[in-house]
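Note: hydrogens, waters and symmetry copies are ignored here, and every other heavy atom, side chains too, is used.
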Amino acid sequence: MTAQSQTSTPQKESLTSVQGLSMDLFFWLQALTVCLTVLILLFTFAGRVVGVKGNSMYPTLHNGDTLLLQSVGYTPRQGDLVVLNKEFGAFDEPIVKRIIALGGQTVSIDYQAGTVSVDGQVLDEPYIAEAMEEPGDIYLTIRELTVPEGSVFVMGDNRNHSSDSRDERLGAVDERYIIGKVIMVCFPFSDFRLLV
């Protein structure tokens, strides 16, 4: 009887080890499933990932940057970088721009002085890489505008190479076209940074 108990004990221990491994694997898979579900819900409802195409936001953003956006619970504010989903001209994909003015504010653009004013106050714009010049684009005709309530006036940081609210085909943009606010540059890793 003692010999039988000694032989059955190692078998019980090996079953326990296999069961322990199975339990560990089950809990890890369960944790992974929960994490993936949370990430999917987060990116579906709270935030999105969008790529930058073009150089209209240079030097703040670069062509090919991948951005993380805040979508849910976002209220537009002056100076925010946002992604818009409004088609105009040749643009049929989301575009990234900076909010210059909100509903009720008046924007004035002075190309001779190279300044943008909101409600008579010249904006301090350290994010601009070069002086703003008179546009050669026939559509960039808007020089002064009072932004309708519920809309925003947006411009690219690379003013001399940006189609934005100065373009009569876009003008002031209804806030409902805003996909979200840019929170960070995720990729490439050399550009990785928070933008809030």
Side-chain angles (χ1 to χ4, degrees), residues 50-71 74-86 88-91 93-175 177-186 188 190-196:
V50 174
V52 175
K53 291 187 180 178
N55 294 306
S56 72
M57 288 302 294
Y58 182 83
T60 308
L61 300 173
H62 303 100
N63 184 39
D65 282 350
T66 301
L67 312 173
L68 175 64
L69 309 180
Q70 174 192 349
S71 298
Y74 170 64
T75 302
R77 291 183 319 175
Q78 191 175 19
D80 285 351
L81 299 180
V82 293
V83 176
L84 309 167
N85 196 20
K86 183 177 181 188
F88 74 101
F91 298 94
E93 294 182 350
I95 57 172
V96 185
K97 301 294 174 193
R98 185 180 299 275
I99 295 177
I100 299 300
L102 303 169
Q105 294 183 310
T106 300
V107 179
S108 299
I109 300 164
D110 184 345
Y111 288 107
Q112 288 184 341
T115 60
V116 176
S117 301
V118 175
D119 293 335
Q121 290 289 117
V122 175
L123 297 180
D124 177 26
E125 299 184 292
Y127 41 80
I128 303 296
E130 60 185 15
M132 186 172 55
E133 300 169 355
E134 188 79 34
D137 189 326
I138 60 168
Y139 294 109
L140 295 180
T141 59
I142 297 175
R143 294 170 185 265
E144 188 162 331
L145 178 74
T146 298
V147 182
E149 291 297 335
S151 296
V152 293
F153 190 94
V154 296
M155 295 177 80
D157 288 356
N158 191 1
R159 298 284 160 80
N160 298 323
H161 304 282
S162 175
S163 292
D164 46 43
S165 286
R166 296 172 292 168
D167 189 316
E168 61 191 35
R169 298 168 297 177
L170 180 64
V173 181
D174 190 303
E175 291 177 4
Y177 286 107
I178 297 175
I179 296 174
K181 173 188 174 181
V182 178
I183 297 175
M184 71 166 62
V185 178
C186 308
S190 58
D191 291 344
F192 180 85
R193 67 191 182 284
L194 288 173
L195 293 168
V196 288

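- Taken to the nearest 0.5 Å, the CG atom of Leu61 stands 7.5 Å off from the CG atom of Asp157.
- When every heavy atom of Ser162 is checked against every heavy atom of Asp164, the shortest pair comes out as OG-OD2, 2.9 Å.
- Of all heavy-atom pairs between Leu140 and Ser163, the closest is CD2-CA, 4.5 Å.
- Because its NZ or CZ atom is not both nearer than 6.0 Å to the ring centre of Tyr74 and within 45° of the ring axis, Lys181 does not count as a cation-pi partner of that residue.
- Residues Glu175 and Val152 have side chains in contact (heavy-atom distance under 4.5 Å, counting atoms from C-beta outward).
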**Item:** Derivation of the side chain to side chain contact (heavy atoms under 4.5 Å, CB included) call for Tyr127 and Leu81
**Value:** CA-CA 12 Å; Tyr127 41 80; Leu81 299 180; over 6 Å; no
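- Asp167 places a side-chain N or O within 3.5 Å of a backbone atom of Arg169 that can act as its donor or acceptor partner.
- The minimum heavy-atom distance between Val173 and Ser165, with the atom names listed, is CG2-OG, 4.2 Å.
- Formation of a donor-acceptor pair under 3.5 Å by the Asn85 side chain with backbone atoms of Ile179 is not found in this model.
- The shortest side-chain heavy-atom distance between Phe88 and Ile95 falls under the 4.5 Å cut-off.
- One distance of note links CD1 of Ile128 with OG1 of Thr115; it measures 11.5 Å at 0.5 Å rounding.
- A salt bridge is defined here as a Lys NZ or Arg NE, NH1 or NH2 lying under 4.0 Å from an Asp or Glu carboxylate O, and Glu125 with Arg159 meets this definition.
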**Message:** Let's go through Glu130 and His161 carefully: what are the C-alpha distance in whole Å and the side-chain angles of both, what is the deciding distance for side chain to side chain contact (heavy atoms under 4.5 Å, CB included) to 0.1 Å, and is it a yes or a no?
**Reply:** CA-CA 11 Å; Glu130 60 185 15; His161 304 282; 3.9 Å; yes
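- Partner Val118 forms a side-chain contact (heavy atoms from CB on, under 4.5 Å) with one of Thr106, Val147, Ile100 and no other, that one being Ile100.
- Counting non-hydrogen atoms of other residues, nucleotides and ligands closer than 6.0 Å to OH of Tyr177 gives a total of 12 or fewer.
- When side chains are defined from C-beta on, Leu84 does not count as touching Phe91, because their heavy atoms never get closer than 4.5 Å.
- Inter-residue side-chain proximity for Pro188 and Asp65 is flagged as met; some heavy-atom pair is nearer than 4.5 Å.
- Between Val185 and Thr66, the closest side-chain pair of non-hydrogen atoms is not below 4.5 Å.
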**Request:** Determine, stepwise, if the pair Arg166 / Tyr139 fulfils side chain to side chain contact (heavy atoms under 4.5 Å, CB included).
**Result:** CA-CA 8 Å; Arg166 296 172 292 168; Tyr139 294 109; over 6 Å; no
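- In terms of heavy-atom proximity, Asn63 sits nearest to Lys53 at OD1-CA, 3.4 Å.
- Using a distance-only test at 3.5 Å, with no hydrogens or angles considered, a donor-acceptor pair links the side chain of Arg98 to the main chain of Gly79.
- For the pair Lys97 (side chain) and Ser56 (backbone), a donor-acceptor distance under 3.5 Å is absent.
- The nearest pair of heavy atoms linking Cys186 to Leu67 is SG-C, 4.3 Å.
- A donor-acceptor pair under 3.5 Å is absent between the side-chain atoms of Asn158 and the main chain of Pro59, judged by distance alone.
- Scanning both residues, Tyr111 and Glu134, for their nearest heavy atoms gives CB-OE1, 3.4 Å.
- Side-chain contact between Asp110 and Ser117 is absent, with no heavy-atom pair separated by less than 4.5 Å.
- Counting non-hydrogen atoms of other residues, nucleotides and ligands closer than 6.0 Å to OH of Tyr58 gives a total of 12 or fewer.
- Between atom CG of residue Asp119 and atom OG1 of residue Thr146 there is a gap of 8.0 Å, rounded to the nearest 0.5 Å.
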**Message:** Between Gln105 and Phe153, does the side chain to side chain contact (heavy atoms under 4.5 Å, CB included) criterion hold? Intermediate values first, please.
**Reply:** CA-CA 9 Å; Gln105 294 183 310; Phe153 190 94; over 6 Å; no
